[in-house]
Student: 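Provided herewith is a single structure, encoded as structure tokens, for subsequent inquiry.
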Amino acid sequence: MAATPAPPQAPPKPTWDPRRPEPPFPWLRPTIRIRLTLLYGGMFLIAGILLLSIIYLLAANALNVGSDLPFKVVTGTVSSESCNITSTQLPAADLNHALNECVNEQRQHALDNLLSRSLLALLGLAIIAFAFGYAMAGRVLSPLGRITRTARAVAGSDLSRRIELDGPDDELKELADTFDDMLERLQRAFTAQQRFVGNASHELRTPLAINRTLLEVHLSDPGAPVELQQLGKTLLATNERSEQLVEGLLLLARSDNQIVERKPVDLAEVAEQAVDQVHAEAEAKGVEIRGERLSAVVQGNGVLLERIALNLVQNAVRYNVQEGGWVEVTTEVQHGQAVLVVSNTGPVVPAYEIDNLFEPFKRLRGADRTGSDKGVGLGLSIVRSVARAHGGHIYAQPREGGGLVMRVTLPI
């Protein structure tokens, strides 16, 4: 009978622990609480010692002054410069009363002098304590400023920045190390996303371009049947719509990031370029484009800002009334911000549908907003994404009588 094979042994346990090892005496760790306790406790102790020393010196000086007799005996009479004692002969009882009053007055003068000097010493120590405390607090909290500056740099899409805080192993060092680990993971995620967007753009554009070329070649054949030509035109329109969808998705993915390289861009020129590109379509639909475009220079990416104006003007022209429609495009500077306003006539838009217009592939209910010849449903999503990347905002408001008013504000 064959021997039963021995069960497989469990794999050996790892000899290292990925977690941070615990110190042998965790209560001796120089935490922020312990450091602040020692710092402010030591400051209080030093201030108390200084104050007691000053009060002691002032009291000793006051006692020395108060120990001198405020009067002197002159040939049987009493004379004083600080007390109200006449130099005439006085009875014993009156003389003793006058001497007591003089001593009490001298003591009160010494106490008043001590109090005033103590208050001045306290004021001086308070000023020194506040200045020293402010300097020490700035020194203790300087790592937080470093973390804040790094986070602000990361907010500008510079994910390569790291804090790399050195110093004692306290809560701030732990926070900085955790933040560095998070930045490392974010940088890997964004790098993978950019690589995916690049690969996807190549993989999606190539077959669509091939399909478009093949369809155009077949449509150029004059001997092709009418049914085949009609089918080719339909497929070509569908292929063109797919290309627009891919371009819109890629632009939406890229515009979600902050703009790193910024250049001066005039919104008036951007709006003029958009109006020129949509002018032929507006004439074909009988839509008048008007409005005054004043200079409003911002710092940003000119191509993406032109996409904002182009998408807004295209939507304003396409979603308009059949006759007598108009689109008003204005640019100006208001309250330190560059403002682009695109308003148009069109169908009535309920106020509760405004937020849905900025979502990808979301359109207003109704047949006039769902036609395949009016875009792929990404225009306003791209506008909002590009505006946020430039630190701006977009607001939509229904017009009385139909249409919308789109207002884009960008920092100068």
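Quantities reported herein were computed from a predicted structural model and do not represent experimental measurements.
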Student: Got Q334 and R407 here, is their nearest side-chain heavy-atom distance under 4.5 Å?
Tutor: yes
Student: Looking at V327, is its backbone amide N or carbonyl O close enough to the side chain of N344 to form a donor-acceptor pair, meaning the two atoms are under 3.5 Å apart?
Tutor: no
Student: Check this for me, if you would: do E184 and R188 make a salt bridge, where the nitrogen-to-carboxylate-oxygen distance has to be below 4.0 angstrom?
Tutor: yes
Student: Measure the spacing between CZ of R318 and CD of Q314 and express it to the nearest 0.5 Å.
Tutor: 4.5 Å
Student: I want to check something: taking the side chain as every heavy atom from C-beta on, are Q277 and E306 in contact at a cut-off of under 4.5 Å?
Tutor: yes
Student: Any chance the side chains of Q229 and E227 put a donor and an acceptor closer than 3.5 Å?
Tutor: no
Student: For the atom pair CD1 (I308) and CG (L380), what is the distance rounded to the nearest 0.5 Å?
Tutor: 11.0 Å
Student: Would you mind reporting whether L312 and I394 have side-chain heavy atoms less than 4.5 Å apart?
Tutor: yes
Student: Could you walk me through whether I382 and L304 satisfy the side chain to side chain contact (heavy atoms under 4.5 Å, CB included) test, starting with their C-alpha distance in whole Å, then the side-chain angles of each, then the deciding distance to 0.1 Å, before giving a yes or no?
Tutor: CA-CA 9 Å; I382 294 173; L304 294 179; over 6 Å; no
Student: What is the minimum heavy-atom distance between V297 and P264, and which atoms define it?
Tutor: CG1-CB, 3.9 Å
Student: May I have the step-by-step check of side chain to side chain contact (heavy atoms under 4.5 Å, CB included) for V339 and V333, ending in yes or no?
Tutor: CA-CA 6 Å; V339 181; V333 177; over 6 Å; no
Student: Less than 4.5 Å apart, any side-chain heavy atom of V275 and any of R293?
Tutor: yes
Student: Quick check against the 3.5 Å criterion: does N320 have a side-chain atom that pairs as donor or acceptor with the backbone of T345?
Tutor: yes
Student: With side chains defined as the heavy atoms from C-beta onward, is the minimum distance between N301 and H390 less than 4.5 Å?
Tutor: yes
Student: Taking F358's backbone N and O only, do any of them form a donor-acceptor pair with R384's side chain (distance below 3.5 Å, no angle check)?
Tutor: yes
Student: Side chains of Q187 and R162: does their closest heavy-atom pair fall under 4.5 Å?
Tutor: yes
Student: So do the side chains of R205 and L208 get within less than 4.5 Å of each other, counting heavy atoms only?
Tutor: no
Student: Suppose we screen for salt bridge (Lys or Arg N to Asp or Glu O under 4.0 Å). Which residues come up paired with E283, at least two apart in sequence or across chains?
Tutor: none
Student: Distance from L123 atom CG to I128 atom CD1, nearest 0.5 Å?
Tutor: 10.0 Å
Student: With distance as the sole criterion, is a donor-acceptor pair present between the side chains of Q273 and D276 under 3.5 Å?
Tutor: no
Student: Can you check whether H218 reaches L228 side chain to side chain, under 4.5 Å on heavy atoms?
Tutor: no
Student: Inspect the contact between E240 and R212 and indicate whether a charged nitrogen and a carboxylate oxygen are less than 4.0 angstrom apart.
Tutor: no
Student: Working to the nearest 0.5 Å, report the span between CD1 of I289 and CD of E281.
Tutor: 9.0 Å
Student: Tell me whether D177 is salt-bridged to K173, with the criterion being a basic N under 4.0 Å from an acidic carboxylate O.
Tutor: yes
Student: In Å and rounded to the nearest 0.5 Å, what is the NZ to CG distance from K233 to L215?
Tutor: 12.5 Å
Student: Evaluate whether atom CZ of R290 has more than 12 neighbouring non-hydrogen atoms of other residues, nucleotides or ligands under 6.0 angstrom away.
Tutor: yes
Student: Quick one: CG on L340 to CG on L305, what's the gap to the nearest 0.5 Å?
Tutor: 9.5 Å
